[in-house]
Undergrad: 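After the structure tokens below, expect a handful of questions from me.
Every chain is numbered from 1 and lettered A, B, ... according to where its sequence line falls, protein lines coming before strand lines.
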Protein chains: 2
Amino acid sequence: MTEPADDPGERISEAEHAVMEALWEQSPLTATEVSDKVAEERGWSLATVKTLLSRLVAKKAVSTEPDGRRFLYSPTIERTDYVGSESRRLVDRLFGGRAAPLLVHLVEAEALSDEDIDEIERLIRELKQ
Amino acid sequence: MTEPADDPGERISEAEHAVMEALWEQSPLTATEVSDKVAEERGWSLATVKTLLSRLVAKKAVSTEPDGRRFLYSPTIERTDYVGSESRRLVDRLFGGRAAPLLVHLVEAEALSDEDIDEIERLIRELKQ
DNA sequence: ATGCAACGACTACACTCGTAAACTGAATTG
DNA sequence: CAATTCAGTTTACGAGTGTAGTCGTTGCAT
């Protein structure tokens with residue numbers, strides 16, 4: 001988790017999120033490079049990616065740095081923070097803010113693999129020293 | 001988890017979800033009753049609640065049963081299923097489909113209370129008999 | 001220089017969402 | 001029976017989203 005984050009900023013949409021993932025994986029990138037990373041699997045045109053980048057810049061979730069005629073884009077928010085707020089939103093909305101019920105749900109939905117369970121067990125043991 | 005669910009249906013928006021929660025808590029209910037349960041805390045007018053109910057009916061997430069001049073509304077999808085698909089969406093989108101990383105995140109974000117941790121421990125123990 | 005390719009900026013457009021007001025038909029009340 | 005009230009239906013409207021196309025500029029290749 002990181003500090004103030006300073007700019008809660010508007011929410012990032014799902015399409016925009018795909019762009020963020022590309023930038024979290026590697027940055028800075030040019031619009032074309034981002035497009036190369038995401039356009040194919042989402043079936044987007046370069047124009048679409050550019051629009052998404054502009055919107056992210058407008059939302060201050062991405063910053064630009066001039067590089068000659070073009071821009072290099074970098075995320076201004078950290079993935080950890082994003083993931084954190086999104087997770088919290090879900091837990092708040094669906095589980096009354098308590099995380100355990102989410103686990104209960106995942107368990108009951110058999111959405112946990114054996115490795116998941118082992119890993120969680122490890123984590124819990126760690127938490128209790 | 002319940003069977004086929006038959007109608008994946010369009011997605012339920014956040015405002016619509018608040019209406020669903022009211023109906024999951026108790027149903028069937030009239031539009032006015034639903035409104036009584038949710039309008040206040042969300043600052044909605046009765047008209048807004050009616051709109052949301054219509055949209056939910058259109059999305060087949062809620063069914064109606066005539067009761068004299070008015071309708072009684074009931075959810076057609078179960079909360080468990082909704083919670084399941086929303087949780088899965090999040091886990092897929094943010095954690096590559098694995099649930100353990102979500103836990104790791106919650107732990108690292110200190111988003112788990114002591115009770116949460118105890119409960120999870122219990123759960124895990126249960127899972128391993 | 002000159003034209004083309006590459007970039008960002010601006011414009012577009014249908015659809016969803018949040019949030020309601022207006023309309024319409026039926027029931028209740030006086 | 002007329003007036004009011006109530007319930008669902010229709011219409012509204014701005015903001016956000018998904019998904020681009022077009023415009024204007026500028027650097028590069030010939």
Undergrad: Mind calculating the distance between CH2 (Trp44(A)) and P (dG21(D)) to the nearest angstrom?
TA: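 Answer to the nearest Å: 15 Å.
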Undergrad: Round to the nearest Å and state the distance from Leu53(A) atom CG to dA20(D) atom C1'.
TA: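 Between C1' of dA20(D) and CG of Leu53(A): 15 Å.
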Undergrad: Nearest to the side chain of Ser45(B) - dG8(C), dA20(C), dA20(D)?
TA: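 The answer is dA20(C), which lies nearest to the side chain.
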Undergrad: At less than 4.0 Å, is any side-chain N or O atom of Lys59(A) found next to OP1 or OP2 of dT17(D)? Yes or no.
TA: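 Indeed, a polar side-chain atom of Lys59(A) lies that close.
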Undergrad: Using a 6.0 Å cut-off, check whether atom CG of Asp67(A) has over 12 heavy atoms from anything other than its own residue.
TA: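 Result for CG/Asp67(A): enclosed.
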Undergrad: In whole angstrom, give the distance that lies between atom CE of Met20(A) and atom P of dT17(D).
TA: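 Going from Met20(A) (CE) to dT17(D) (P), I get 14 Å.
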Undergrad: Could you check Tyr82(B) against Met20(B) for side-chain contact (heavy atoms from CB on, under 4.5 Å), going step by step and ending with a plain yes or no?
TA: CA-CA 10 Å; Tyr82(B) 176 75; Met20(B) 291 303 289; over 6 Å; no
Undergrad: Round to a whole Å and report the spacing from CG of Leu56(A) to C1' of dG8(C).
TA: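 Going from CG in Leu56(A) over to C1' in dG8(C) covers 15 Å.
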Undergrad: Phe71(B) has an atom CZ; how far is it from atom C1' of dA7(D), in whole Å?
TA: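 So the CZ-C1' distance, Phe71(B) to dA7(D), works out to 9 Å.
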Undergrad: OP1 or OP2 of dG8(D) versus the side-chain N and O atoms of Ser54(B): is any pair under 4.0 Å?
TA: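 Checking dG8(D) against Ser54(B), no side-chain N or O comes under 4.0 Å of OP1 or OP2.
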Undergrad: Please pick, from dA12(D), dA20(C), dG8(C), the nucleotide with the shortest atom-to-atom distance to any side-chain atom of Arg55(B).
TA: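 Among dA12(D), dA20(C), dG8(C), the one nearest the side chain of Arg55(B) is dA12(D).
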Undergrad: Starting from the 5' end of DNA chain D, give me the residue, Ile12(A) or Arg69(A), whose nearest nucleotide shows up first.
TA: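 Per heavy-atom nearest nucleotide, the more 5' residue is Ile12(A).
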Undergrad: Remember a base hit wins even if backbone is also touched, and classify Ala47(B) as base, sugar-phosphate or nothing at under 4.0 Å, heavy atoms.
TA: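 Base contact.
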Undergrad: Measuring from Ile120(A):CD1 to Ile124(B):CD1, what's the distance to the nearest 0.5 Å?
TA: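 Answer for the CD1-CD1 pair, Ile120(A) versus Ile124(B), is 5.0 Å.
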Undergrad: Answer yes or no: is there an ion pair linking Glu14(A) with Arg89(B), defined by an N-O contact shorter than 4.0 Å?
TA: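 Salt bridge between Glu14(A) and Arg89(B), a charged N being under 4.0 Å from a carboxylate O: yes.
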Undergrad: Can you check the Asp67(A) CG to dG8(C) C1' distance for me, whole Å?
TA: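 In whole Å, dG8(C) C1' lies 14 Å from Asp67(A) CG.
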Undergrad: Among dG18(C), dT9(D), dG8(C), which nucleotide sits nearest the side chain of Glu14(B)?
TA: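 Among the listed nucleotides, the one closest to the side chain of Glu14(B) is dG18(C).
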Undergrad: Of the nucleotides dA20(D), dG18(D), dG18(C), which one has an atom closest to the side chain of Leu52(B)?
TA: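 Nearest listed nucleotide: dG18(C).
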Undergrad: Tell me which nucleotide among dA20(C), dG18(C), dG18(D) gets nearest to the side chain of Ser13(B).
TA: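 Of dA20(C), dG18(C), dG18(D), dG18(C) is nearest to the side chain of Ser13(B).
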Undergrad: In terms of side-chain geometry, is the basic nitrogen of Glu21(A) or Arg79(A) positioned less than 4.0 Å from the acidic oxygen of its partner?
TA: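 Looking at Arg79(A) together with Glu21(A), the answer is yes, because their closest N to O distance falls below 4.0 Å.
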Undergrad: What is the distance, rounded to the nearest whole Å, between atom CG of Leu46(B) and atom P of dC6(D)?
TA: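 After rounding, the reported distance stands at 11 Å.
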Undergrad: Which comes earlier along DNA chain C counting from the 5' end, the contact point of Thr51(B) or that of Glu16(B), where each point is its nearest nucleotide?
TA: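 Between the two, 5'-proximity favours Glu16(B).
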Undergrad: dG27(D) C1' sits how many Å from Arg70(A) CZ, rounded?
TA: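 The distance from CZ of Arg70(A) to C1' of dG27(D) comes to 11 Å, rounded to the nearest Å.
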